[in-house]
4 protein chains.
Amino acid sequence: MNSFGRVFRVSLAGESHGPAIAVIVDGCAPGIPLAVEDFAADLERRRGGQPGTTARREDDVPKIVSGVYNGRTTGAPILAVVHNRDARPEAYAELIHTPRPGHADWTAWRKYGGFNDPRGGGHFSGRLTAALVMAGVVAKKLIDPVKVDAHIVEIGGSADYAALLEQARAEGDSLGGIVECRASGVPAGLGEPFFDSLESLISHAVFAVPAVKGIEFGAGFAAARMRGSSVNDPILDAAGKTATNHSGGINGGISNGNDVVFRVAIKPTSSIGRPQRTVDLRTGEPAEIRVGGRHDACIALRAPVVIEAVTAIVLADAQRTGFQPRP
Amino acid sequence: MNSFGRVFRVSLAGESHGPAIAVIVDGCAPGIPLAVEDFAADLERRRGGQPGTTARREDDVPKIVSGVYNGRTTGAPILAVVHNRDARPEAYAELIHTPRPGHADWTAWRKYGGFNDPRGGGHFSGRLTAALVMAGVVAKKLIDPVKVDAHIVEIGGSADYAALLEQARAEGDSLGGIVECRASGVPAGLGEPFFDSLESLISHAVFAVPAVKGIEFGAGFAAARMRGSSVNDPILDAAGKTATNHSGGINGGISNGNDVVFRVAIKPTSSIGRPQRTVDLRTGEPAEIRVGGRHDACIALRAPVVIEAVTAIVLADAQRTGFQPRP
Amino acid sequence: MNSFGRVFRVSLAGESHGPAIAVIVDGCAPGIPLAVEDFAADLERRRGGQPGTTARREDDVPKIVSGVYNGRTTGAPILAVVHNRDARPEAYAELIHTPRPGHADWTAWRKYGGFNDPRGGGHFSGRLTAALVMAGVVAKKLIDPVKVDAHIVEIGGSADYAALLEQARAEGDSLGGIVECRASGVPAGLGEPFFDSLESLISHAVFAVPAVKGIEFGAGFAAARMRGSSVNDPILDAAGKTATNHSGGINGGISNGNDVVFRVAIKPTSSIGRPQRTVDLRTGEPAEIRVGGRHDACIALRAPVVIEAVTAIVLADAQRTGFQPRP
Amino acid sequence: MNSFGRVFRVSLAGESHGPAIAVIVDGCAPGIPLAVEDFAADLERRRGGQPGTTARREDDVPKIVSGVYNGRTTGAPILAVVHNRDARPEAYAELIHTPRPGHADWTAWRKYGGFNDPRGGGHFSGRLTAALVMAGVVAKKLIDPVKVDAHIVEIGGSADYAALLEQARAEGDSLGGIVECRASGVPAGLGEPFFDSLESLISHAVFAVPAVKGIEFGAGFAAARMRGSSVNDPILDAAGKTATNHSGGINGGISNGNDVVFRVAIKPTSSIGRPQRTVDLRTGEPAEIRVGGRHDACIALRAPVVIEAVTAIVLADAQRTGFQPRP
């Protein structure tokens with residue numbers, strides 16, 4: 001389903017080349033100042049335009065349809081909408097019968113019996129992440145003074161990736177990357193043992209972001225190659241401060257008061273200009289496609305603000321449930 | 001919360017050194033043959049006893065309290081219980097005020113205001129995974145003929161790890177490992193775009209397993225270092241068969257009919273015999289602890305069957321929801 | 001929260017005098033024909049204009065923003081919006097500090113700390129039922145050939161109520177009424193024992209409709225005054241057909257294949273022209289108000305199509321979950 | 001499904017003539033004193049033994065399997081179990097193929113394909129309400145100082161019903177009744193507009209109780225026959241105190257600080273000694289049954305404590321979610 005959260009709940013709608021992208025944010029506390037201008041900075045971070053990202057131009061000026069009165073949240077559901085202005089559905093017409101490898105074209109066709117909107121990936125488009133970002137803007141206000149900050153760690157396997165990007169784009173190819181996200185100021189006590197561990201909730205939300213294929217908390221996969229005596233974070237005081245943070249700020253599924261830190265693996269953009277093998281769904285015969293249109297050479301470049309958004313959504317929900325830890 | 005699933009729902013209860021570990025499995029289809037013997041093989045895989053695992057001896061003979069009549073499931077909730085026979089709570093008494101680094105001791109104490117059961121980790125104990133395994137046995141029956149198989153890929157960074165294990169144990173230390181899980185026969189069409197992507201659901205459930213710190217699907221983190229032209233899986237036919245499986249059997253959050261494959265990073269057992277720095281919660285002063293009792297040198301060795309269980313739980317729920325893909 | 005349903009899920013947004021009323025319908029099967037014209041008949045039934053209903057004129061022409069392509073549902077979330085064209089927020093300005101008795105004014109002010117949108121009831125307005133009706137139109141298509149039909153049984157205590165209505169309106173007063181709803185063609189097997197009984201699900205949804213204060217299934221409150229030998233419905237055949245339908249088509253929380261029948265009590269419109277005692281929230285002093293603006297003398301007249309809508313929503317969700325009964 | 005609640009969650013299991021009835025209560029705050037003795041009074045109220053109730057003797061001494069340590073809740077799930085000691089499954093053997101009119105026999109058989117446990121109603125038995133009562137005992141502690149009190153208003157249509165009961169029992173028949181429930185001390189601000197209105201949540205839980213066929217809040221069905229000028233409760237002060245309580249303490253789905261009051265219609269026990277028409281499921285031919293065994297002549301007599309329990313469960317969950325109203 002396209003919604004997430006128990007008491008702070010986000011519901012998505014929209015298609016890449018339909019009229020709009022929209023999100024309902026339910027369970028937002030009343031009295032929070034909120035204006036369309038508040039969305040600008042994060043939407044700008046998500047937008048195309050940088051080297052390596054799509055040339056599609058969207059104004060991305062959201063409208064707040066409900067849930068705000070006199071400049072403040074009312075406690076009622078917030079409906080925020082971004083209209084699609086630069087849709088060029090014709091660019092994708094040829095792809096309808098030849099699903100792009102690595103994309104959701106085939107699974108969407110199969111699951112929805114061919115009724116899915118295929119234009120630009122339809123509801124599966126990365127453009128839907130604009131809705132996540134808008135919800136994230138609200139969530140970030142709710143979790144203040146907790147701060148969530150995500151940034152690129154590497155692209156194409158390197159921290160110094162400008163030349164790699166240029167080369168990939170020149171060759172009609174794409175690169176993936178790794179994003180690190182850090183939430184600082186997270187109070188101890190968020191998350192639950194077992195099914196609603198903070199790692200469970202964050203990973204659930206992070207894998208909602210298209211192209212994410214992996215997540216690791218703290219030392220993550222490296223911890224699997226270390227010894228317990230090295231991985232265990234020495235506890236320095238009764239407030240839970242640790243000397244190292246191999247746990248990524250979470251023990252037993254519960255935040256321990258240190259920074260929550262995780263890394264996310266983002267695969268290369270699946271839409272590439274190079275020829276790829278696929279099948280013609282009308283005939284069942286092999287086919288070759290080259291994806292035209294405007295695409296990112298590296299979708300990971302636009303991912304950090306989206307990862308921040310879903311993380312803030314999780315924290316906003318988690319802080320509303322569970323018991324309060326003792327002061 | 002200690003439950004998971006929308007229409008196939010698993011709820012956990014129990015403590016390491018309380019009377020029993022229990023699980024309610026709700027939403028199981030009626031008419032499925034189920035007997036206590038069916039739990040034996042998977043519980044045995046989870047149990048201690050192998051080199052590198054705890055010396056704690058549990059019979060682990062479950063009782064089916066409800067939901068089964070005349071040897072078959074009735075459609076009513078199944079309550080399965082495993083009694084704790086070999087509890088030695090006194091072994092942990094000294095740890096109550098000196099939380100073990102890397103364990104949930106401190107976060108549980110903080111979140112629950114000191115009222116948590118501290119004996120052997122209480123509700124946070126890895127022993128609770130027996131409840132997950134029991135639910136997994138039921139789930140595996142429901143998803144048949146889909147098969148879920150998990151196995152150790154490496155321990156301490158190596159596929160040939162017998163000597164490493166012996167050395168770590170001799171030194172009172174512990175090792176982590178990596179488990180790979182493969183679900184074969186998964187029909188195309190399971191999972192949803194965005195928040196209920198199959199990766200979201202699986203990762204949510206997998207991070208419910210204690211000591212898991214990372215997950216990656218298909219090529220995972222390696223995909224972040226590849227080019228799109230290499231990562232994209234060529235589509236071979238209209239049934240969605242692909243030449244490679246870098247996607248791990250999931251595109252756009254939806255199963256594509258190829259094997260669902262993922263790897264899980266499991267950190268070293270946090271309870272080790274070597275001295276560790278912690279704090280005395282009574283005084284706030286630094287303290288040093290050595291954890292006695294009976295512990296695994298490598299909890300990852302017991303993890304595969306638990307990873308299988310939570311994966312089967314996800315698939316059993318996912319196949320009951322969503323639309324059926326067209327035949 | 002403003003959403004309902006496990007796998008067919010409806011989420012509301014909007015205010016009476018804000019820009020629009022909106023609904024996201026998630027989990028709709030793909031391939032269902034859907035056009036804005038399909039909403040017209042039910043929205044018209046809900047609209048003001050009949051004797052006894054508000055003079056507020058709304059075009060109520062919805063827009064389908066997402067989830068429909070080439071005239072059919074795609075399987076993605078459907079966002080439907082009705083813009084508010086005839087908003088006169090100034091009519092309510094005076095009421096902000098003097099909450100209307102029987103209305104949500106005071107509770108909304110209290111719960112949301114005074115940040116709620118007070119214009120015309122804001123998010124609490126009966127106008128939000130337009131969103132329910134739109135979702136109901138989709139749900140009715142999904143449950144076809146099941147038919148849901150609701151109608152007025154009595155107004156002001158009488159089945160022949162034209163004169164009562166006229167008199168109440170002339171006196172600046174309002175009347176309540178009783179709506180009976182019948183779902184025919186409901187297959188046996190919907191609903192669950194205990195918490196998700198079909199009565200639980202229907203009543204949950206029905207009490208989401210403003211002004212509803214009671215519900216009874218089958219013989220309902222009258223059954224409490226009968227003997228078992230009279231209430232029990234004789235079973236006529238193996239298909240579950242019963243000679244009477246005192247159970248309202250539900251036994252043990254599960255539909256039995258007979259019509260599902262229930263009645264709903266709707267209180268009189270709380271906004272009336274007669275003077276009422278309230279409090280001035282600025283001073284805490286007693287105050288008297290007379291509610292101007294345009295109001296229904298009997299909101300119950302517009303309720304049947306809303307009751308149908310929420311019933312269809314419940315059935316659409318219930319038929320997607322649970323086990324299929326054997327044929 | 002057999003669970004209820006968003007962050008305070010109750011999950012049921014068990015059958016009338018299986019080994020036990022059980023409940024998992026998840027989301028209980030830590031540090032609450034809880035002992036098996038605490039369950040005694042409410043379980044005693046629910047038990048048979050009074051005139052008009054079943055002669056079945058159960059000790060109903062619960063065991064607390066988990067979630068309590070040193071006499072206080074730990075924050076972990078509480079598993080409470082009541083073993084069935086006086087099961088006489090043979091008394092029901094004859095009924096397996098001739099479903100009792102008014103009971104869940106036929107719907108359970110149909111929904112679960114004949115695999116349901118038919119002994120004494122199996123999972124559909126009123127005996128499961130012992131699990132609700134146990135969860136209610138925990139919930140009542142959590143909502144303190146809010147008090148929930150339910151009592152019989154009438155049986156067989158009369159407040160003075162001793163003779164009616166005696167006569168019905170002598171004739172092998174049964175009576176229904178009406179229970180009124182009052183929650184006092186409920187803070188203003190519980191419940192949400194629309195789908196999670198407090199009426200929605202309470203009615204959802206109340207219809208989980210077997211034999212309930214109607215519910216009305218405040219003036220309820222009578223309100224549908226009154227005028228707005230009479231139904232609207234005059235507001236007396238800024239704290240929301242009202243002169244009357246026709247709203248049952250709820251406006252716009254949200255508690256208004258006055259007592260929450262509702263009445264519940266409970267149909268006559270469906271198991272009666274008088275001959276009834278049914279069908280033989282083996283042959284499809286008409287059949288006549290007389291139900292032997294031990295039954296209540298009036299199940300409503302045992303219902304008040306169960307209604308209290310589910311009401312307390314709703315309030316315990318509602319007070320953990322939503323925003324806090326301003327002081």
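Chain identifiers are assigned alphabetically (A, B, ...) following the order of the sequence lines, protein sequences preceding nucleic acid strands; residue numbering begins at 1 within each chain.
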Testing the basics here: between C/Phe8 and A/Met1, what is the closest heavy-atom pair and its distance to 0.1 Å? N-CE, 4.3 Å
Are any side-chain N or O atoms of A/Glu15 and backbone N or O atoms of C/Gly67, one a donor and one an acceptor, separated by less than 3.5 Å? yes
What part of C/Leu12 lies closer than 4.5 angstrom to a heavy atom of chain A: side chain, backbone, both or neither? backbone
According to ring pair (Phe, Tyr, Trp, His ring centres under 6.0 Å), who are the partners of C/His103, at least two apart in sequence or on a separate chain? none
What's the spacing between C/Asn2 CG and A/Ile24 CD1 if we round to 0.5 Å? 8.5 Å
Below 4.5 Å from any heavy atom of chain C, which atoms of A/Thr73 appear? Answer side chain, backbone, both or neither. backbone
If we ignore hydrogens and angles and just use 3.5 Å, is the side chain of C/Asp117 paired with the main-chain N or O of A/Tyr69 as donor and acceptor? no
Within a reach of under 6.0 Å around NZ of A/Lys141, are more than 12 heavy atoms found that belong to other residues, nucleotides or ligands? yes
What option among A/Ser66, A/Ala20, A/Gly14 has the most heavy-atom pairs under 4.5 Å with chain C? A/Ser66
Give the minimum heavy-atom separation between C/Ser3 and A/Asp26, together with the two atoms involved. N-OD2, 4.4 Å
